[in-house]
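Note sheet for the following structure.
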Amino acid sequence: MTAALGWGALAASSLVLGALLGLARDWSNVLIGLVLAFGAGALISAVSFDLAEEGSKVGKPGYVAVGLAVGAITYFALDRLLERRSAKSGNGGGDDQAGPALALGAFLDGIPEQAVLGIGIAAGQGVSVGLLVAIFVSNLPESIGSATAMRAAGTKPSAIRRLWVLVALICTAATVVGFAIADNVSGNLNSVVDGFAAGALLVMLIDSMIPDAVRKGGDVSGLVTVLGFAVAAGLSAVS
């Protein structure tokens with residue numbers, strides 16, 4: 001349990017670190033875009049090797065697809081809800097929507113990702129360095145980008161800090177819960193959890209993170225995305 005709490009806190013700590021970095025200074029759009037691009041590459045690797053592939057191995061065929069569909073629809077529906085609320089309050093697109101969208105993505109994919117981390121620790125599989133690095137590295141651009149966008153949209157820094165501390169605490173708790181319930185989690189349910197995280201991530205990547213990276217980082221964003229993918233993929237088999 002202590003190990004799950006420690007590893008979970010380590011993985012989630014980058015959420016708070018990124019938010020503090022986003023509030024500490026003004027970041028150029030190019031730098032934010034490149035950080036987002038690197039994080040997107042790391043997340044694509046996590047989806048490919050640590051979530052979708054792993055889910056296919058531990059569960060029967062079709063369970064990952066169920067999780068993918070539920071995760072994708074959940075993120076899509078909640079993101080549209082945020083957009084409608086933003087429109088009603090008189091805020092437009094761009095940073096007004098990018099910040100909350102990235103925060104929502106970090107929340108929806110962070111919980112199942114870290115639950116998978118806890119389940120793996122309880123099963124005696126050790127800590128997947130690839131998944132840990134993907135979570136930690138991808139959290140940074142998500143929270144940096146979100147905090148920067150939310151500050152630009154007029155959100156108070158104290159509210160941004162509270163938001164990301166809360167998200168980090170919930171994600172850490174998800175690791176402990178995953179560890180605690182590991183003995184009662186079937187391979188099929190584990191597969192659905194993996195799929196849920198992958199589905200939420202994919203929609204967030206295409207709808208928000210990658211477009212924001214390209215818009216701010218420019219043409220070189222694609223190369224940085226490949227670099228992020230390569231680093232995370234190279235570590236995916238290490239535990």
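What you see is a predicted model, and the numbers here were worked out from it, not measured in a lab. One-based numbering along the sequence shown.
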I need the [X] [atom1] to [Y] [atom2] distance, nearest 0.5 Å.
{"X": "Cys171", "Y": "Leu117", "atom1": "SG", "atom2": "CG", "result": "11.0 Å"}
{"X": "Asp26", "Y": "Leu31", "atom1": "CG", "atom2": "CG", "result": "12.0 Å"}
{"X": "Ser45", "Y": "Leu51", "atom1": "OG", "atom2": "CG", "result": "9.5 Å"}
{"X": "Leu202", "Y": "Ile206", "atom1": "CG", "atom2": "CD1", "result": "7.0 Å"}
{"X": "Ser13", "Y": "Leu140", "atom1": "OG", "atom2": "CG", "result": "8.5 Å"}
{"X": "Phe107", "Y": "Ser146", "atom1": "CZ", "atom2": "OG", "result": "13.5 Å"}

Where the side chain of [X] meets the backbone of [Y], is there a donor-acceptor pair that is under 3.5 Å apart?
{"X": "Asn139", "Y": "Gly18", "answer": "no"}
{"X": "Trp7", "Y": "Thr175", "answer": "no"}
{"X": "Thr148", "Y": "Ile144", "answer": "yes"}

Please tell me whether [X] and [Y] are part of a single hydrophobic cluster in this structure, the criterion being side-chain heavy atoms less than 4.5 Å apart.
{"X": "Val47", "Y": "Leu68", "result": "yes"}
{"X": "Leu34", "Y": "Phe38", "result": "yes"}
{"X": "Leu10", "Y": "Val176", "result": "yes"}
{"X": "Met209", "Y": "Phe196", "result": "no"}
{"X": "Leu169", "Y": "Leu163", "result": "no"}

- salt bridge (Lys or Arg N to Asp or Glu O under 4.0 Å) with Arg161: which residues, sequence neighbours excluded?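 Once residues adjacent in sequence are excluded, Arg161 has no partner under the salt bridge (Lys or Arg N to Asp or Glu O under 4.0 Å) criterion.
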- Considering residues at least two apart in sequence or located in another chain, which fulfil the salt bridge (Lys or Arg N to Asp or Glu O under 4.0 Å) criterion with Asp219?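 Here no residue qualifies.
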- Item | Atom CZ of Phe76: over 12 foreign heavy atoms under 6.0 Å | no
- Using a cut-off of 6.0 Å, state whether more than 12 heavy atoms not belonging to Phe49 lie near its atom CZ.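 Check passes, neighbour count above 12.
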- Do Leu36 and Ile32 touch side chain to side chain, with heavy atoms closer than 4.5 Å? yes
- side-chain contact (heavy atoms from CB on, under 4.5 Å) evaluation trace for Trp164 with Leu20: CA-CA 9 Å; Trp164 284 103; Leu20 293 177; over 6 Å; no
- Given the rule in the side-chain contact (heavy atoms from CB on, under 4.5 Å) test, do Ile170 and Gln114 qualify, once you have shown the distances and angles that lead to the verdict? CA-CA 10 Å; Ile170 293 173; Gln114 299 215 185; over 6 Å; no
Kindly list each side-chain donor-acceptor pair under 3.5 angstrom involving residues 223-232, sequence neighbours excluded, with atom names and distances?
from   : atom 1 : to     : atom 2 : distance (Å)
Thr225 : OG1    : Ala37  : O      : 3.2
Thr225 : OG1    : Ser221 : O      : 2.9

